[in-house]
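See structure below.
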Amino acid sequence: EVSHPSTSTSEWTLDYPPFFAWFECALSHVAKYFDPKMLVIENLNYTSRATILFQRFSVIFTDILFVYAVRECCRCVNGKRAAKDVLEKPTFILAVLLLWNFGLLIVDHIHFQYNGFLFGLMLLSVARLCQKRYLEGALLFAVLLHFKHIYIYVAPAYGIYLLRSYCFTANNADGSLKWRSFSMLHVTLLGLIVCLVSALSLGPFIVLGQLPQVISRLFPFKRGLCHAYWAPNFWALYNAMDKALTIFGLKCNFLDPTKIPKASMTGGLVQEFQHTVLPGVTPLATLICTFISILPSVFCLWFKPQGPRGFLQCLVLCALSSFMFGWHVHEKAILLAILPLSLLSVQRAKDAGIYLLLTTIGHFSLFPLLFTPPELPIKILLMLLFTVYSFSSLNSLFR
């Protein structure tokens with residue numbers, strides 16, 4: 001049933017890579033003991049107490065990987081600032097900022113998704129790279145990409161860092177590269193990891209001739225430029241500007257009302273926003289803008305290496321560039337930048353200031369995900385608690 005999704009059966013298609021489909025398949029074997037009816041595809045909008053119970057417990061259980069990844073990341077943090085109180089130690093603050101992150105909490109445990117264990121894979125791969133266990137880090141990230149392809153946003157940071165740190169050796173005193181320090185063996189090992197993971201994930205679909213079906217679902221370009229709630233990026237402002245110019249043109253009789261298309265923002269399904277005044281935006285245009293915006297950070301990572309710190313900075317900038325200029329960006333994509341930035345925030349005051357600004361704005365942009373009246377006080381209270389702790393703990397760390 002999963003391998004043959006049909007819009008005549010359900011409006012929701014499987015738009016995740018194959019590993020996530022196998023993950024859902026494994027969950028279904030446990031879910032049938034809670035409520036078999038939740039597994040019937042035709043049961044759209046089906047709910048029951050047993051279903052909700054299973055969803056909540058399955059998210060909590062898979063978060064074990066996230067907890068382990070946070071532990072490994074805390075071991076990578078420099079403890080240069082000695083603190084008498086354990087509550088003021090960088091490792092403790094980092095653990096709280098990650099484990100009790102407001103955005104991840106509402107996206108997974110209220111809005112209900114499985115981002116926790118996916119971010120666990122990402123943070124664990126980051127920790128392995130910081131520990132110079134490059135092959136483990138590469139394997140974890142390759143597996144992550146076949147669980148959820150949104151992490152391709154930060155793939156340039158991984159690729160350049162692995163090439164620069166693992167496949168080349170800086171023999172010069174100034175850290176510059178020499179071509180003779182290039183290791184073909186290391187490149188081969190990285191290539192084998194990528195190829196084997198991709199073959200395991202996509203191989204069955206290639207054999208069955210279903211790869212085009214997979215690609216069409218992974219990259220649904222007909223879904224429109226922006227997502228349902230308008231992630232606060234460049235294209236949201238672009239659409240708002242087009243709307244404002246359209247209204248101004250109608251009031252001043254510069255535009256013919258009969259020739260204006262009925263513009264509609266996407267609601268997560270196949271709908272598009274048709275621009276009236278400003279030029280239309282294509283997926284290729286967003287790709288070019290994204291590529292140009294990540295070039296400076298990738299350039300610095302290659303020519304001005306700073307070790308794990310430089311890698312994390314590049315990763316955050318790649319995530320933010322993709323968030324600002326990507327096609328059909330989801331609001332939760334801001335977490336791709338917020339969570340890695342947490343590691344930097346406890347090591348330098350400047351990074352802490354950037355982190356506080358980004359988390360406040362980024363978390364507020366997630367509010368539309370919880371839209372019912374009973375959820376309003378919950379999300380306000382949770383965000384206030386996290387924000388107050390973030391400001392107070394980082395201020396005490398760098399006072």
Side-chain angles (χ1 to χ4, degrees), residues 1-32 38-42 54-55 58-59 61-66 69 107-108 112-125 128 135-156 158-159 162 189-223 227 268-270 283 322 326-330 332-333 335-336:
E1 291 176 326
V2 171
S3 62
H4 297 283
S6 171
T7 53
S8 61
T9 303
S10 171
E11 61 185 359
W12 308 107
T13 57
L14 184 62
D15 55 357
Y16 280 40
F19 279 179
F20 199 89
W22 287 112
F23 169 70
E24 289 190 322
C25 181
L27 287 177
S28 68
H29 288 288
V30 180
K32 64 184 178 182
M38 77 171 85
L39 303 178
V40 180
I41 293 180
E42 289 79 10
F54 168 76
Q55 289 177 330
S58 61
V59 172
F61 178 78
T62 55
D63 274 353
I64 293 174
L65 178 59
F66 183 72
V107 168
D108 271 19
F112 177 64
Q113 288 182 359
Y114 292 97
N115 292 289
F117 93 95
L118 295 174
F119 276 114
L121 279 173
M122 187 187 79
L123 291 178
L124 190 57
S125 70
R128 292 296 179 252
L135 292 180
E136 288 183 49
L139 175 62
L140 287 167
F141 185 70
V143 170
L144 175 63
L145 282 180
H146 288 275
F147 265 105
K148 194 168 185 178
H149 57 300
I150 193 176
Y151 293 93
I152 201 172
Y153 288 164
V154 297
Y158 276 87
L162 284 169
L189 291 174
L190 290 177
L192 278 175
I193 288 175
V194 173
C195 291
L196 289 175
V197 172
S198 299
L200 183 62
S201 173
L202 302 174
F205 296 93
I206 296 175
V207 172
L208 297 173
Q210 294 292 316
L211 187 60
Q213 290 282 348
V214 176
I215 299 300
S216 66
R217 284 166 171 77
L218 292 181
F219 303 98
F221 292 118
K222 291 184 178 179
R223 288 193 173 187
H227 191 241
L269 300 177
V270 183
S322 301
W327 177 271
H328 197 75
V329 175
H330 287 236
K332 62 189 176 186
L335 296 177
L336 274 172

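Below, each value reflects all heavy atoms present in this structure, side chains not excepted, and no hydrogens, waters or symmetry copies.
The aromatic ring centroids of Y16 and F23 lie 6.0 Å or more from each other.
Summarising the geometry of Y153 relative to A333, their closest heavy-atom pair is CE1-CB, 4.4 Å, with the distance given to 0.1 Å. Across all their heavy atoms, D108 and G116 have their closest contact at OD2-N, 2.6 Å. The heavy-atom pair separating L39 from A31 by the smallest distance is CD2-CB, 4.1 Å. In plain terms, the two heavy atoms of Y151 and N115 that are nearest each other are OH-O, 4.4 Å. Considering all non-hydrogen atoms of both residues, R217 and D15 come closest at O-CB, 3.2 Å. Nearest heavy-atom pair across A138 and L162 is CB-CD1, 3.8 Å.
Partners of P204 under the side chain to side chain contact (heavy atoms under 4.5 Å, CB included) rule, at least two apart in sequence or in another chain, do not exist in this structure. In this view, S58 and L27, F54, Y114 satisfy the side chain to side chain contact (heavy atoms under 4.5 Å, CB included) rule, not counting sequence neighbours.
Residue L196 holds its CG atom at 12.5 Å from OG of S201, rounded to the nearest 0.5 Å. Distance check: T62 OG1 to L118 CG gives 8.5 Å after rounding to the nearest 0.5 Å. L124 contributes atom CG, which lies 14.5 Å from atom CZ of F119 (distance to the nearest 0.5 angstrom). The NE2 atom of H146 sits 6.5 Å away from atom CZ of F19, with the distance rounded to the nearest 0.5 Å. Atom CG in L145 sits 11.5 Å away from atom CD1 in I150 (nearest 0.5 Å).
Considering only heavy atoms from C-beta on, L189 stays 4.5 Å or farther from I193 through its side chain. Side chains of F147 and F117 form a contact here, defined as non-hydrogen atoms less than 4.5 Å apart. Contact of the P17 side chain with the L218 side chain is registered, since non-hydrogen atoms from C-beta on lie closer than 4.5 Å. Under the 4.5 Å side-chain criterion, counting only non-hydrogen atoms from C-beta, V143 is in contact with L139. For the pair Y158/M122, a side-chain contact is recorded, criterion being any heavy-atom separation below 4.5 Å from C-beta on. Contact of the K332 side chain with the Q113 side chain is registered, since non-hydrogen atoms from C-beta on lie closer than 4.5 Å.
Residue I152 places its CD1 atom among 12 or fewer non-hydrogen atoms of other residues, nucleotides or ligands, all under 6.0 Å distant. The environment of CZ in F61 is sparse: at most 12 heavy-atom neighbours from other residues, nucleotides or ligands sit within 6.0 Å.
Although no hydrogens or angles enter the test, the distance criterion places no donor-acceptor pair under 3.5 Å between the side chain of S198 and the main chain of C195.
Every pair passing salt bridge (Lys or Arg N to Asp or Glu O under 4.0 Å) that includes a residue from residues 136-155 is listed here, sequence neighbours excluded: R128-E136, R133-E136.
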